[in-house]
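What follows is a single structure, written as structure tokens, with notes after it.
The basis for the numbers below is simple: all heavy atoms, side chains too, and nothing from hydrogens, waters or symmetry mates.
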Amino acid sequence: MDQSSSTPNRNLALELVRTTEAAAMAASRQMGRGDKNAADQAAVDAMRVVLNGVQMDGTVIIGEGEKDEAPMLFNGEKIGNGSPPHTDIAVDPIDGTTLTAYGRSGAIAVIAAAEQGSMFDPGPLVYMEKIAVGPEGVGVVDIRQPIEDNLHALAKAKGKNVRELNVMILDRPRHEKYIAQIRDVGARISLISDGDVAGAIATAWPESGVDLLFGIGGTPEGVITAAALKSMGGDLQGKLWMRNDEERKVAEEAGFSLNKILGMNDLISSTNCFFAATGITSGSLLKGVRFDKGTIQTQSLVMRGRSGTVRLIDAVHQPHKLAELHGDDFVA
């Protein structure tokens, strides 16, 4: 086989965004109904329908649902129409299932792709410490350093007073000591209940007003985020985090280095990577799905690592035509 045809040479993100649009539209039908699994199932089903029509031979390296036993696109599943290019795929049909289920802001549908063999597989290890910054923070912050040192260094690099920085962190009991340290330094804090993919990307999106994301979040989400930040010129550093001795034993038996700092190139080793995200509920990053006069409106981010191109796409969809293409259940 011609090697040039076996690796992604076209902008796959422009095709993959159709899958996140589908997932977002389907999930939005369940917004505010209080049923996380129903929202997740709708998003998974819609994403799979569109994925199977994309020209690629994809393998799911990171599948949705591993952490919480939700409906999923499972690890190892083959997706696409089976023709080249060969790709690794990471999916999260809903980053923020609770946000969707209860109608809260900031839920997105996301997917990342990279050339085969370049995507980090965390296996059963679902959590990692992480720090994410935009371009001005590259080479400035270090996850091994105290948070106060990182904040002062970042403020200097961005030409700000440390009190002007906005740090995004998941609102979890495990973060209480970090929150206290950030407050002691004087930086501002944005607590989020879910959705640290959007939070990490926001650090490289000037209009978001977010300077740094910090804390312990999902390892799969970290890999997905790396695909976006490679395109945006930002940085993500992580370190695997074990919840208990049982997880530590599993990790050691699987050969993972628990002290290794995972940088961008550890998470995705190639710049030949792609990212797409579509808003489900409106947040600081993207507008959510809107229904108006027989149409559905979506807003998406589409990125390509090799070129560094980031596109913001506003789309208008016609449900009756989507039903003709994919069946009534697709837009029900």
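Applying the side chain to side chain contact (heavy atoms under 4.5 Å, CB included) criterion to Ala114, with sequence neighbours excluded, gives Ser118, Met119, Ile268, Cys273. Shown here are the ring pair (Phe, Tyr, Trp, His ring centres under 6.0 Å) partners of Phe214, two or more places apart in sequence or in another chain: Tyr178.
Between Thr298 and His317, the side chains place a donor N or O and an acceptor N or O closer than 3.5 Å (distance only, hydrogens not considered). A side-chain donor from one of Asp235 and Gln237 sits under 3.5 Å from a side-chain acceptor of the other. With no hydrogens or angles considered, no side-chain donor-acceptor pair links Asn37 and Gln41 at under 3.5 Å. In the model, Lys230 has no side-chain atom that pairs as donor or acceptor with a side-chain atom of Thr271 under 3.5 Å. Side-chain contact, Ser190 with Asn166: a donor N or O sits under 3.5 Å from an acceptor N or O.
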Stepwise side-chain contact (heavy atoms from CB on, under 4.5 Å) test for Thr19 and Glu15: CA-CA 8 Å; Thr19 74; Glu15 299 171 56; over 6 Å; no

Full working for side-chain contact (heavy atoms from CB on, under 4.5 Å) between Leu258 and Met242: CA-CA 9 Å; Leu258 303 185; Met242 305 297 105; 4.1 Å; yes

Lys78 vs Asp57, side-chain contact (heavy atoms from CB on, under 4.5 Å): CA-CA, chis, key distance, verdict: CA-CA 7 Å; Lys78 301 294 290 186; Asp57 182 2; 3.0 Å; yes

Glu77 vs Arg48, salt bridge (charged side-chain N to carboxylate O under 4.0 Å, His left out): CA-CA, chis, key distance, verdict: CA-CA 11 Å; Glu77 181 174 351; Arg48 181 181 278 115; 2.9 Å; yes

Stepwise salt bridge (charged side-chain N to carboxylate O under 4.0 Å, His left out) test for Asp314 and Lys287: CA-CA 9 Å; Asp314 288 295; Lys287 295 178 182 178; 5.3 Å; no

Stepwise salt bridge (charged side-chain N to carboxylate O under 4.0 Å, His left out) check, Lys36 with Asp194: CA-CA 13 Å; Lys36 294 194 299 182; Asp194 293 277; over 6 Å; no

side-chain contact (heavy atoms from CB on, under 4.5 Å) assessment of Val310 paired with Trp205: CA-CA 10 Å; Val310 179; Trp205 192 246; 4.0 Å; yes

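Counting non-hydrogen atoms of other residues, nucleotides and ligands closer than 6.0 Å to CZ of Arg188 gives a total above 12. The environment of Asp184 atom CG is dense: over 12 non-hydrogen atoms of other residues, nucleotides or ligands sit within 6.0 angstrom. Remark: Arg174 CZ is packed, more than 12 non-hydrogen atoms of other residues, nucleotides or ligands lying under 6.0 Å away.
For the pair Ile179 and Ile169, the minimum side-chain heavy-atom distance is below 4.5 Å. With contacts defined as side-chain heavy-atom distances shorter than 4.5 Å, the pair Ser193/Asp171 does not qualify. Counting heavy atoms from C-beta outward, Phe274 and Met303 have side chains that stay 4.5 Å or more apart. Contact annotation: the side chain of Val316 never approaches that of Ile296 to less than 4.5 Å [non-hydrogen atoms, C-beta and beyond]. Phe275 has its side chain within reach of Ile201: a pair of non-hydrogen atoms, C-beta onward, lies under 4.5 Å apart. Put simply, the side chain of Met25 does not reach to within 4.5 Å of the side chain of Thr278, judged on heavy atoms. For the pair Asp211/Leu154, a side-chain contact is recorded, criterion being any heavy-atom separation below 4.5 Å from C-beta on. Between Leu165 and Lys160 there is a side-chain heavy-atom pair separated by less than 4.5 Å.
Considering CE of Met47 and CD of Glu21, their distance stands at 10.5 Å, rounded to 0.5 Å. Distance check: Met128 CE to Lys239 NZ gives 11.5 Å after rounding to the nearest 0.5 Å. With rounding to the nearest 0.5 Å, the separation of CG in Asn244 from NZ in Lys249 is 12.0 Å. The CG atom of Leu16 sits 5.0 Å away from atom CD1 of Ile111, with the distance rounded to the nearest 0.5 Å. The CD atom of Glu115 sits 9.0 Å away from atom CG of Asp88, with the distance rounded to the nearest 0.5 Å. Atom CZ of Arg144 is separated from atom CD1 of Ile131 by 11.5 Å, given to the nearest 0.5 angstrom.
Each of Ile182, Leu170, Ile189 was evaluated against His175; a single residue qualifies, Leu170, per the side chain to side chain contact (heavy atoms under 4.5 Å, CB included) test.
Connection of Leu212 to Val162 is established within a shared hydrophobic cluster, with ILVMFWY side chains joined at heavy-atom distances below 4.5 Å, either directly or through further cluster members. Residues Ile280 and Val17 are members of separate hydrophobic clusters, defined by side-chain heavy-atom contacts under 4.5 angstrom among Ile, Leu, Val, Met, Phe, Trp and Tyr. Val302 and Leu285 are members of different hydrophobic clusters when ILVMFWY side chains are connected at heavy-atom separations under 4.5 Å. Transitive grouping of hydrophobic side chains (ILVMFWY, heavy atoms separated by less than 4.5 Å) keeps Val167 and Leu236 in distinct clusters. Using a 4.5 Å cut-off between side-chain heavy atoms of Ile, Leu, Val, Met, Phe, Trp and Tyr, with links allowed through other members, Tyr102 and Leu191 fall into different hydrophobic clusters.
Side chain of Asn75 to backbone of Gly63: a donor-acceptor contact under 3.5 angstrom is found. For the pair Thr100 (side chain) and Gly96 (backbone), a donor-acceptor distance under 3.5 Å is present. Put simply, the side chain of Thr281 gets close to the backbone of Ala107: a donor and an acceptor are under 3.5 Å apart. Within the 3.5 Å criterion, the main-chain N or O of Ala200 finds a donor-acceptor partner in the side chain of Thr203. The main-chain N or O of Gly288 is found under 3.5 Å from a side-chain atom of Arg290 such that the two form a donor-acceptor pair. Asn150 places a side-chain N or O within 3.5 Å of a backbone atom of Asp142 that can act as its donor or acceptor partner.
Of all heavy-atom pairs between Ile89 and Gly58, the closest is CG1-CA, 4.2 Å. Contact detail for Thr219 and Pro122: the closest heavy-atom pair is CG2-CB, 3.3 Å. Among all heavy-atom pairs drawn from Ile62 and Pro220, the shortest one is CG2-CB, 3.2 Å. Closest heavy-atom contact between Gly279 and Val289: O-CG2, 3.4 Å. Here the shortest heavy-atom pairing between Pro124 and Val250 reads CG-CG1, 3.6 Å. Considering every non-hydrogen atom in both Ala109 and Ala24, the closest pair reads CB-N, 4.0 Å.
Here Asp35 does not pair with Arg33 in a salt bridge; the nearest charged N to carboxylate O distance is not below 4.0 Å. For the pair Asp266 and Lys260, the salt-bridge criterion is met [side-chain N within less than 4.0 Å of a carboxylate O]. One finds no salt bridge joining Lys130 and Glu221 here, because no Lys/Arg side-chain nitrogen approaches an Asp/Glu carboxylate oxygen to under 4.0 Å.
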